[in-house]
Participant: 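Attaching a single structure in structure tokens format; questions to follow.
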Amino acid sequence: NAGVMQNPRHLVRRRGQEARLRCSPMKGHSHVYWYRQLPEEGLKFMVYLQKENIIDESGMPKERFSAEFPKEGPSILRIQQVVRGDSAAYFCASSFLDGHSGNTIYFGEGSWLTVV
Amino acid sequence: GNSVTQMEGPVTLSEEAFLTINCTYTATGYPSLFWYVQYPGEGLQLLLKATKADDKGSNKGFEATYRKETTSFHLEKGSVQVSDSAVYFCALSSGGYQKVTFGTGTKLQVIP
């Protein structure tokens with residue numbers, strides 16, 4: 001039973017390029033979260049998605065960042081025109097809301113973005 | 001809105017010492033509560049959870065009790081090991097879509 005799969009694990013981009021991070025949720029999970037973690041800092045919520053629907057994007061920067069979770073395929077976090085400050089670990093998590101046991105979310109191993 | 005407050009770290013303990021990491025929360029309704037652990041260079045792993053008042057979650061010697069009256073979910077372990085060195089995150093889920101909210105994390109360092 002595969003867990004949450006993220007790729008690439010490590011990504012290097014030059015300033016101004018685009019970064020695409022992919023997340024395949026656990027089997028049967030219909031909800032996906034994206035978080036950002038800067039070195040030695042906590043998790044910062046970015047976006048909460050259901051298939052074909054954005055539930056909460058209050059943590060997403062207004063420009064250059066976008067996320068989707070299509071009906072088929074992985075969730076994608078896209079960062080356009082990357083800057084050095086975008087260098088961070090990006091974590092995806094998935095969950096299945098069953099209405100009874102709370103929303104337990106399971107994390108992937110993360111994608112480390114370095115902007116040079 | 002919902003929020004989670006954790007004690008600031010780092011917490012440094014000697015091996016076999018008793019551990020408490022405090023966590024309090026603010027939430028509407030009846031949230032579920034969680035502790036996650038993050039080892040260096042890795043993602044977060046679910047450590048334990050509790051879904052209703054007075055429930056006790058436990059795993060790997062760690063435990064936490066859901067205290068509705070004090071809105072707390074403190075993490076405890078009777079005897080820590082060097083391998084427990086990690087960052088610990090308290091979290092809750094609440095609301096219609098059960099959005100998960102995290103605390104800022106507490107770094108634990110256990111020295112031999």
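Just so it is clear: chains get the letters A, B, ... in the order the sequence lines come, proteins before strands, and each one is counted from 1.
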Participant: Are there over 12 heavy-atom neighbours, none belonging to B/Tyr30, within less than 6.0 Å of that residue's OH?
Facilitator: no

Participant: How close do A/Tyr35 and B/Val100 get, heavy atom to heavy atom, and via which atoms?
Facilitator: OH-O, 3.4 Å

Participant: For the atom pair NZ (B/Lys49) and OG1 (A/Thr104), what is the distance rounded to the nearest 0.5 Å?
Facilitator: 3.0 Å

Participant: Does atom NZ of B/Lys107 have more than 12 heavy-atom neighbours, drawn from other residues, nucleotides or ligands, at distances under 6.0 Å?
Facilitator: no

Participant: Take a 6.0 Å sphere around CD of B/Gln81 and say whether it holds more than 12 heavy atoms from other residues, nucleotides or ligands.
Facilitator: yes

Participant: With a 4.5 angstrom heavy-atom cut-off, is it the side chain or the backbone of B/Gln45 that approaches chain A, or both, or neither?
Facilitator: neither

Participant: Most heavy-atom pairs under 4.5 angstrom with chain B, which of A/Gln37, A/Gln50, A/Lys44?
Facilitator: A/Gln37

Participant: Shortest non-hydrogen contact from B/Lys99 to A/Ser58?
Facilitator: NZ-OG, 3.9 Å

Participant: To the nearest 0.5 Å, what is the distance between CG on A/Leu43 and CG on B/Leu44?
Facilitator: 5.0 Å

Participant: Would you say that more than 12 heavy atoms from the other residues, nucleotides or ligands in this model lie under 6.0 Å from the CD of B/Glu69, or not?
Facilitator: yes

Participant: Is B/Lys52 close to chain A through its backbone or its side chain, or both, or neither, when contacts mean heavy atoms under 4.5 Å?
Facilitator: neither

Participant: Please check if the side chain of B/Tyr36 supplies one atom and the backbone of A/Phe107 the other of a donor-acceptor pair under 3.5 Å.
Facilitator: no

Participant: Got a second to check how far B/Glu42's CD is from A/Phe91's CZ, nearest 0.5 Å?
Facilitator: 9.5 Å

